Amino acid sequence: MPELPEVETIVRELAARLPGRRVTKVQVFRRDALGKATPRAFRAGLMGRTFAAVRRRGKFLLFDLIPAGHLVAHLRMTGKFTLSPPLAAPDPHHRVWLHLDDGGILVFQDLRCFGTLELVERLEECRGLARLGTEPLSPAFSVAWLGERLSRSRAPLKHWLMDQTRIAGLGNIYACEILFGAGLSPRRRADRVTGAQTGLLWKVVRKVLGQAIRKNGTTISDFRRVDEKRGEFQRFLKVYGREGEPCPACGTAVRRIRQQQRSTFYCPACQA
DNA sequence: AGCGGAACCTGTCGGC
DNA sequence: TGCCGACAGGTTCCGC
């Protein structure tokens with residue numbers, strides 16, 4: 001479900017409301033979300049701690065705690081965080097409730113139970129985080145960096161863009177949209193992207209992510225913001241989910257293929 | 001290095 | 001109506 005722009009949207013909304021709130025009670029309705037940790041250890045680690053900040057790294061949400069520790073969350077396909085007034089009973093997909101000292105509840109819900117919540121004392125302990133590559137909106141993501149890394153891989157571009165160890169945060173939707181914007185085939189080998197194309201690809205990565213963040217992400221089926229509102233970027237998708245529809249640039253029917261078990265949408269005329 | 005396949009789990013949708 | 005397969009915004013692990 002959520003890629004970088006959706007996670008960024010959630011993080012900004014939580015960052016506006018969560019810092020300063022203290023955890024007064026922890027309820028775990030389904031322990032899958034906690035990985036190998038026991039609900040007891042999870043509860044003990046969170047009780048009485050105060051949220052200092054909420055940040056994003058790739059598709060991970062990082063909640064910094066006072067006096068120490070971090071809650072590291074990944075929404076995977078269907079995870080959601082919402083801030084709710086007191087509730088009588090959990091909804092069927094609610095997995096964890098963190099009761100706050102203002103009476104509200106930070107709700108973690110996840111239909112498919114792929115999402116994870118991990119409590120660590122130091123961020124270095126988190127394996128998923130350690131593997132992440134460059135943040136595409138940071139200064140470290142430069143045309144030179146991109147060109148150098150592309151030249152070392154023979155992977156198809158779609159696969160290359162979605163590999164979190166290279167660029168952190170792109171998923172299926174934005175990889176498709178970025179390749180369309182750059183006029184590059186999803187099957188093009190990374191090391192066969194020219195210098196000029198690398199410059200354009202770099203620009204498009206930042207442009208597409210920036211626009212998507214401004215539109216509060218993409219809601220295809222069930223992504224929701226902290227207040228349950230939807231993102232708006234789906235109205236601006238050019239190829240994703242549009243198999244058979246005319247390409248907005250040339251009118252050719254958008255095609256769908258499978259790559260790495262995932263659907264890829266592209267215009268066979270505009271993308272080479 | 002890179003690919004295909006399966007697994008994690010639940011729900012929806014389209015076809016017959 | 002009912003069943004069945006395909007598919008879903010992600011990641012990881014295994015074998016070739």
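Given the structure is predicted, the values throughout are model-derived calculations rather than measurements. Sequence lines set the chain letters: A, B, ... in the order given, protein chains first and strands last, and positions in each chain run from 1.
Put simply, CZ on A:Arg262 is 15 Å from P on B:dG5, counting in whole angstrom units. In this structure, A:Asp222 places its CG atom 18 Å from P of B:dC9, rounding to the nearest Å. Summarising the geometry, the separation between CG on A:Leu129 and P on C:dT12 is reported as 11 Å, rounded to the nearest angstrom. Distance CG (A:Asp91) to P (B:dT10): 16 Å, rounded to an integer number of Å. One atom, CZ of A:Arg76, and another, P of C:dT11, lie 7 Å apart when rounded to the nearest Å. Atom CH2 in A:Trp160 sits roughly 18 Å away from atom C1' in B:dC3 (whole-Å rounding). Atom P of nucleotide B:dT10 and atom NE2 of A:His94 are separated by 16 Å, given to the nearest angstrom. Atom pair A:Asp110:CG and C:dG10:C1' shows a separation of 11 Å (rounding to whole Å applied).
For A:Gln260, counting side-chain heavy atoms from C-beta on, the closest listed nucleotide (C:dT11, B:dC3, B:dC9) is B:dC3. Closest contact between the side chain of A:Arg258 and the listed nucleotides B:dC9, C:dT11, C:dA8 involves C:dA8. Considering only side-chain atoms of A:His74, the nucleotide from B:dG2, C:dG10, C:dC7 that sits closest is C:dG10. For A:Tyr240, counting side-chain heavy atoms from C-beta on, the closest listed nucleotide (C:dA8, C:dT11, B:dC9) is C:dA8.
In this structure, the ring of A:Phe233 has its center no less than 6.0 angstrom from the ring center of A:Phe223.
Side-chain nitrogen and oxygen atoms of A:Arg127 include at least one within less than 4.0 Å of the OP1 or OP2 phosphate oxygen of C:dC13. Within the structure, a side-chain polar atom (N or O) of A:His159 is placed less than 4.0 Å from OP1 or OP2 of B:dC3. Within the structure, every side-chain polar atom (N or O) of A:Thr78 is placed at least 4.0 Å from both OP1 and OP2 of C:dA8. Applying the 4.0 Å criterion to OP1 and OP2 of C:dT11, one finds that A:Gln164 has a side-chain N or O inside that range. For B:dG2, neither phosphate oxygen OP1 nor OP2 lies less than 4.0 angstrom from any side-chain nitrogen or oxygen of A:Arg154.
Nucleotides of DNA chain B nearest to A:Ser153 and A:Gln261 differ in position, and the one nearer the 5' end is that of A:Ser153. Summary of the strand contacts: A:Arg131 and A:Phe265 both lie near DNA chain C, and taking for each the nucleotide with the nearest heavy atom, the more 5' one is attributed to A:Phe265.
With both ends at atom P, the span from C:dG10 to B:dA1 equals 24 Å, rounded to whole Å. Only the P atoms considered, B:dC9 is 28 Å distant from C:dG2, to the nearest whole Å. Taking atom P in both B:dA6 and C:dG5, one finds a spacing of 14 Å when rounded to whole Å.
A donor and an acceptor atom, one from each side chain of A:Arg258 and A:Ser263, are located under 3.5 Å apart.
Closest heavy-atom contact between A:Pro86 and A:Ile105: CA-CD1, 4.1 Å.
The ring of A:Phe114 does not lie on top of the base of B:dC9; it is either too far (5.5 Å or more) or too tilted (30° or more).
In this structure, B:dC9 forms no base pair with any nucleotide, since neither Watson-Crick nor G-U wobble geometry is met with both distances under 3.5 Å.
Contact annotation for A:Arg189: no contact, since no heavy-atom pair falls under 4.0 Å across all strands. The residue A:Arg256 sits close only to the backbone: its heavy atoms come under 4.0 Å of sugar-phosphate atoms, none of a base. Across all strands, A:Tyr174 comes closer than 4.0 Å to no nucleic acid atom at all (heavy-atom distances).
The base of C:dA8 lies close enough to the side chain of A:Arg112 for a donor and an acceptor atom to sit less than 3.5 Å apart.
Between A:Phe108 and A:Phe81, the angle of the ring planes lies from 30° to 60°, which puts this pair in the tilted group.
In this structure, A:Arg57 pairs ionically with A:Glu135, as a charged nitrogen and a carboxylate oxygen lie closer than 4.0 Å. Checked for salt-bridge contact, A:Glu6 and A:Lys80 miss the test: no charged N lies under 4.0 Å from a carboxylate O. Note on A:Arg49 versus A:Glu121: salt bridge recorded, some NZ/NE/NH1/NH2 to OD/OE distance being below 4.0 Å.
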